[in-house]
Structure formats: C-alpha cells, structure tokens
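These numbers were taken from a predicted model, which means no experiment stands behind them. Chain naming here is simple, since letters A, B, ... match the order of the sequence lines and numbering starts at 1 in each.
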Amino acid sequence: MKLSLLTFRFVPGMLICTAFGATSLHAQQAASTTPMDLVLKNATVMTASHGTIERGSVWVHAGKIAEVGTSVNAPASAVVVDATGKWLTPGIIDPHSHSALSNDVNEATSPVTPSMMMIDAFDNRDKALYQALAGGVTTELLLHGSANMIGGQAVVIKNKFGMSRDAMLFPNAPGSIKFASGENPKRVYGSRNQLPSTRMGNFEVMRQSFEEAKSYMASWDAYNAKVAKKDTTAVAPKKDLKLEALADVLRGKLYVQIHCYRADEFLTEEAIAHEYGYKIRAFHHALEMYKVAGQIAPEGTAIATFTDWWGFKDEAWDAIPWNAVMSMRKGVRVALKSDSNDHIRRLNQEAGKMVHYGGATEDEAIRMVTQNPAWIIGVDDRVGSIDVGKDADLVIWNVDPLSTYARAEKVYIDGDLFFDSSVPGFGTPHFSGAMHDGGGFGSDDSDEDGE
Amino acid sequence: MMHSSKSASLFLLPAVVLSGALAYAQGNDLARTSPKQSGTLVISGGKLLTVSHGTIDNGVLIVVDGKITAVGAAGKVEVPKDATVVDARGLTVYPGLIDPDTTLGLTEVAADQNSNDLSEPSDEIMPHMHVADAFHAETELIPVARLNGVTNAVVAPGTEDSVAGQDIFIQLAGRNRDAMILGRDVALAMNYGADQRRRGSRGNGGRGEYPSTRMGLITQLRQSLLDAQHYEVSRDAAAKKPDKPAVASADKAADNSADKSDKPFQRDLKLEALLPYLHGERPVVVGVYEAYDVESIMKVAQEFHLKVILNHVTHTQEILDEIAAWKVPVIVGPIYDFPAANERYDAVYTLPAELQKRGVKIAISSSEAGGPGGAHTVRNLPYSAGFAVAYGLPYDEALKAITLNVAEMFGFGDKLGSLDAGKTANIVLANGDPLDVRTDVKQVYIEGVAQPMVSRQTILRDEYSK
C-alpha cells in the first residue's frame, strides 16, 4: 500500500496501515483523499454534559463533532463505525501528569522557579504516552513536580502519539503554573538546611516572591508611564523571566495549579491569593478537601484528586476515598487525576470507584475524568464532552467504562484514529519506529544500572 | 449485634455500623476485635459464589461457632430453628478474599521511617527475620482493607534482600497479634534481580562491595544454602555425641576450652532458618521480574529442591511455557505493572490469563506499580482480579486467584478460600459483582462474626458528613 503523507489526513491511521497492514476502517480512510466525515453509530453514548444516549450516534466532520443523537444526518460518503453493544465517551483528560518529561520534572535548586517551562523537557516519544492513549487518555496537563513552592509552567498536550512534538501540543491552550506546598518543599529544602523547611517558611517564600513581582511590575508601570509621556530619558527595566512569570500570575494570565494536601493549607493558599489578587484554578491532590469543601466552594477553586491513595506520607494520612464525592456534593468542582504513569492507564476505572465511594451517578463519575479536568486545564470549551462543535476526541469502550472490565478499543483525537486495539502490534515500541529505552518511568532501572 | 428474629435483614446492618463507630470513638476498638461467634448464623437468599463448586443463585449458608456447616440451594439445606437469619436476597455472597503479597502491619505512613519495619537490609541473606516479630496488629490499615472484603493476607517483608525473612499468614480481625496470626513462618520471602545488588550497584548508594552483580547474588545465595546444609550435618553430629549437648551453657564452654573439638555446638539462627525450606517443608516465595532472572533463580531453586512459588514474573512473556513446565504456582502482581521497553502496552495485563491458560495455578496480589503499594492498596485486591478478567482470565479463575488458590499455596486450603462445609466462616456480602469497582461490600464476617464496617476513614467520613 503506497500512500502519500502529504495528501492524506489520517496520519496515525496510516502508520497502522504501513506497519501492519490495513484494517477495513483504515482501508476506507485511505480510499478517500478527503475523509472529512466519520460516524460512530449505535453506541451507548455517555456525553458527560447531557446524559447518556442509548443507541446513539456521533457524526464527526473535519475533526469536530457535528451532530450527536439517536440518529445523525451525515453524508453518505461518511466512514461509518458500527459500535453496537459498545460504549462511547469523550476522551479521558488527565489534569495532573508527569509523563514524557524526561525525568526533568523538578528544577530543585531553588524553591521559586516560575520561569521553568515544562515544554522544554517534553519527550513526545515517551512510551508512557501510548500506554495512556491505550487507556483512552486524549489530553494531559503535564505539570512540574512538587519540590518547589513555585515550580514552573505546564504544557498541555493532545495524546497524538506518533506525531511530531509540535503536533502534540494542545493548540492555544491557556498557560498554567504549578505551585506546591506542604511536605515536599519542606523535605527538599529542609534537608539542605535552607528556607523553606517548615510550612511557615513555605508561605513566607510565596509572599516574598509576590512582593518582588509587585515591585517589578511597578518599575515597568513607571517606565511605561514615562514612555506614554514621551519621556526620552526613560530606561526600560531588565526583563526578568522569573518575575515576568510571577507578574503573569498577578495579571491573571496563568492558571494557578497548587499541589496541596491539608485542609489548613487550602485556607492559607486562598488567603494569600486574596492578599495578592489572583485566583487559584485548582488544588491538586487535595486529599483533605472534604473537611473544608463548604468554605472553598465559593472561591470557585476546583480539585484534582486521587481516588483512594492514602498513607504514603503524613499529609496523606487523613485521605478518604469519599473525598471526591463529598467535596462535589458541597459544590466543589472535582476531577480525578493520575499523577502516575500507572494510574493514567485506567482513569476510567478510577471514576468507577466514585460510584462505589459516595454513590456518584455514572454521569457525575464520567465528568470527573472528562469535563471537569478540561475545566481545570481551561480547555472545556473545546474538549471534555460530546457536544456539537467540540473536538472529536472520542473513545469506544468494549463495556461500561466505569467497570473494572472496560478496555478502550478505539481512541480518536480530532477525529483521527490514534489507537485501535484490533490492530496487531499497536502498543509495541517499534510501532512508532522511534521508541527508545530509558524514557518515562521512574521505576525503570536500566539507566541507573548502566546496562 | 446479631438479630435473632428470623426475618432480620440487612436493613438492620446500619445498627452494626453505628455501634461499631460508637465503640471506636470511645477507644474500645471494635474495628479490630472479633470475639468468637457462638450459636447459629444463617445467610439466606443470596447468590453464592462458592469458588469450589460454582454459583448457587438462591443459596443458603449455615455457620455454627465460626465454621461453615452447610452450603446449598434454598430448600435443600435444613435451616436450624433457633438461628440468627440474615436476609441476603439481592446480594452476592462469597468467601473472604486473601491477598498473597502484602506488608500489612509492617508499615503505617509509608514516608515515615519510624512507622516502617519492612526489611533489615544489613545483609542480603536474612532468613532469620520473622515478620511475626514486627507485625503491628493495631495498624489502621487493616480495617481499611477489610471493608472491601479482604479477610486474610500473607504479610511478607520488603524486597531489598535476596532472602528477606519469613512470612506470616493473617486473619484481618482479632484482639491482638496472636489472635490474628494464623500461621508464623509460613513461607520464606526471596528476591532476585537488579535491586538486591545494592551494595555494589552504581548510583544507588552502592559501596562497591560484594555482591555487586547478579553473579555475586547467586553465588552468595548458593553458598548460604550449602552452609546451611553443612550446618545441619554438624549440628546433628554434635547432637549425637552423648556427653556434648547441642547447646551448652557458657560455663560448660569454659570447662571445655582446652580441647577445641570439645567446644559445645552453638546454634546459628540464620542457617537454621533455612533448613525447613531446604527440606521442602514450606514454600519459598521468589520475587523476580525478568525472564532471564527467573531462569537463573529457578536453577538454584531446583538444585536445592526448594518448593517454589514465583512472584511478579512481570517480564516473562518468552518463557511462559517454561514456567508452566516447572509446575510452580505463580503470584501475579502488580497486574498494573509497566511493560518492558520491547513489550506491548498490555503485556502485563494479560499475564494471569496467559499463565492460567497453560495450566499454571495463579494468585493475584493487590500491590500497585508506582503507588504507595503493598499495604495501603490491599482494599483494591478484587479490582486487580477484575482487571485480569478484562484481559482474558476466566471470571471463576480470577475469583479463585484471590481466594482458594492463595489458601492452597500457603497451606490453608482446608480452612479457607471457598464456601464449603468445614471451612472457617470468612464470608463477604456485597451488592454486586465483587470484582467490579462499583460494588459496595455490605458486610464482612470473619469466623462467623459480623465485623463492624468501620475504619478510621469511615469515621472521618461520618464526622465531616455532619
């Protein structure tokens, strides 16, 4: 099969074709030079935004969802995938991942490193990405680690494994900055006998940083005022990457994502945010949110939490698996996240646990891994639910995705097929032709041993 | 706590929960205690997953003094007159789950070293470490695990050592350690692979000391087993000398100091600990990941006729037939482990199915890759088994892999792991499929005693729900 990369839209599908022979679907795609229309029909469609449609269909036009319903008016030329007996959901969205960051997640040489850009560490060939893709994950917020009070700026990706680095970046996604508090910065800097080694120290470092940012902004304001008055003697202050980033927080240009476990810290973080006039988009981990959810809900801060991890450190000792649903019932927007190359492969199952712990409805549970994380990332107008106009990021599951038995069978991103469990060989590293050893996992010891 | 009325139903269970919570709050920790059941308990109308003999849709199960005395279809089992009857209509009834690989009671807060007694890494060969000596019966982790239907577990030391120590088999209820440990030294925990070379391994705090390679590890292990064999011969020879007791007092030792050969024999606890395993009396559980490591360690095990249970075997796709040919049982876990660089994304997920297909007796553990693991995630044991089903393991085999198979591997097959007359009444009632994450466990019985469905976490939940 000879295909031209330049004229054919379905690049990943083509990778499948060339490497392993075409399936019928791919053959159909390949047959058309303008495969603009795709219909996934007769599935149990969990829309995340407006309930579940039994025997529903989704029409995808030019990578966007064109119609959703019990029947759709797609053109006869559309590629049709019969999903009878299957489930269809929006792509799973992970609002807290450290995948594919070349083990460079922490610039742990100073507690305040807001100018660090996660994108500079992004390794688009990391095998953790296709493993997550095989679990139905289509969008990830790749965050810094939690060594620093202010870590740096995140990157948002679409999980288009096999495509170029730039092609994997979520177009025009808003920027996020990661803060951390609690035991991690305490441990990292405390062990070096350096500020901060206590929670008091943690928050002092935060405040000090914003004081510097404020005076930096003031010096620019003064300069700009002079320029406005045509003062030719005005000298521009030096651009400072660190303070620019903090100024962007104060200007509201960056979403603030905070690694934070304890109830008292949520309250302190909100107090500091009020003090300096910025909003906190989400608390990540947030294992004690159930204790203060009533106070946090009016702030509009969401949480991205573990379902049932606990006891791995002191600040996780009061973690309970009912946290997510209890917090949701008190009005906090709740997302589930992986923070792990392991969990990211089955976030759907983690959502299922919410039915068990706290009695979430299936709708509520599925939203915790689609629409709500999309909001935390700031891309909920484009992904996270099956609605007309949204990106066609879709997953076909063999059974109810909230059950233990669910496997993602097909994963589409922008209407393109990126994972197909029926294709032999997908998911093996040689599949992309570009896999390499040592990427991704902290648990992979082959680097360290020099073998 | 029991209701004598014949029509008592699970609607009354909240009373059990409430009284449990109250007692807990008062410091009388009901969550951990289990006074012996007396009288007769009838669990009637549920869907019984017997594990040993299929599913009984409308079943009756009779428990007398902590033991199951009858199991069968409604109408076919005679229900005693003065029994406490639990209406289990609409519920699934199954034997308590057994986790084959935990560190319950050896850790509390994972990051807090003072609360950890996981391994003694001062030497690689530590068979004389007894988990029973460190087991913390009052751990808050046990009620948490129990609430999802886990009633028994193997507790093994951490994995730094080649020979890490001897495991215990526990019941997740009891007033104290002695009530909870059903078996001391039930197996010897061994490990082989990259991690145990810590003394020499680069970048791992290694000191460049022996053993720094896999060759060193195997040689060290083989020498230790030979030492133990020699030790046994010497010990037995010493015992045969009529005037030389096997263990002499210090005084006697001083008396005999003139003659070297007359020195009293001194026991070596380390070598002696290896003897039951060299005799094949009890199993060794060998944690090993890579195919070539499995082959290496099995060579040693066969040389010394060890009774092996393999653990993990995560990256063994190429030697599954070989593993089957050895006729050794295998514990699979973490089932969520990562594939190796050259493996498919689902290589580990399908491992239980692939082994079972080849006739290997499998158990599944709860441990998680990259998570807090080992103890805090024991409550997820049923979901690990369910995940194996998603990737091809027949349902009944999955259930067996967390019940009967585990009991049999560790010598408790006659007491636990299935709903059969004569077995201990460790029974779980849930509102659905036990392997599904959405299912709620409604009641756990251990030795016929309804356990309070309370943990530190439910107390926090209830406190902050007010």
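- Every salt bridge (Lys or Arg N to Asp or Glu O under 4.0 Å) that B/Glu354 has, sequence neighbours left out, goes to B/Lys357, B/Arg358.
- Using a 4.5 Å cut-off between heavy atoms, B/Ser115 makes no contact with chain A at all.
- Pairs passing the side-chain hydrogen bond (donor to acceptor under 3.5 Å, both in side chains) check and including a residue from residues 387-398 of chain B, sequence neighbours excluded, read B/Tyr395-B/Asp433.
- A salt bridge links A/Asp318 with A/Lys291: the closest approach of a Lys/Arg side-chain nitrogen to an acidic carboxylate oxygen falls below 4.0 angstrom.
- Looking only at heavy-atom pairs under 4.5 Å with chain A, the residue among B/Asp112, B/Val389, B/Thr439 that has the most is B/Thr439.
- Contact check on A/Arg262 versus A/Glu183 returns no salt bridge, with no Lys/Arg side-chain nitrogen under 4.0 Å from an Asp/Glu carboxylate oxygen.
- Proximity to chain B (any heavy atom under 4.5 Å) is shown, for A/Glu288, by neither the backbone nor the side chain.
- Looking at A/Ala365, neither its backbone nor its side chain comes within 4.5 Å of chain B, counting heavy atoms on both sides.
- Interface remark: B/Glu108 contributes backbone and side-chain atoms alike to the contact with chain A (heavy atom separation under 4.5 Å).
- Interface remark: B/Asn380 contributes side-chain atoms only to the contact with chain A (heavy atom separation under 4.5 Å).
- Just one of A/Glu362, A/Gln349, A/His356 meets the side-chain hydrogen bond (donor to acceptor under 3.5 Å, both in side chains) condition when paired with B/Arg438; it is A/Glu362.
- Of the two parts of A/Phe306, neither the backbone nor the side chain holds a non-hydrogen atom closer than 4.5 Å to a non-hydrogen atom of chain B.
- A salt bridge is defined here as a Lys NZ or Arg NE, NH1 or NH2 lying under 4.0 Å from an Asp or Glu carboxylate O, and A/Glu315 with A/Arg199 meets this definition.
- Considering only heavy-atom pairs separated by less than 4.5 Å from chain B, the leading option among A/Ile320, A/Asn323, A/Val355 is A/Ile320.
- Checking B/Thr107 against B/Asn116 by side-chain atom types alone, a donor-acceptor pair falls below 3.5 Å.
- Of the two parts of A/Trp322, only the side chain, counted from C-beta on, holds a non-hydrogen atom closer than 4.5 Å to a non-hydrogen atom of chain B.
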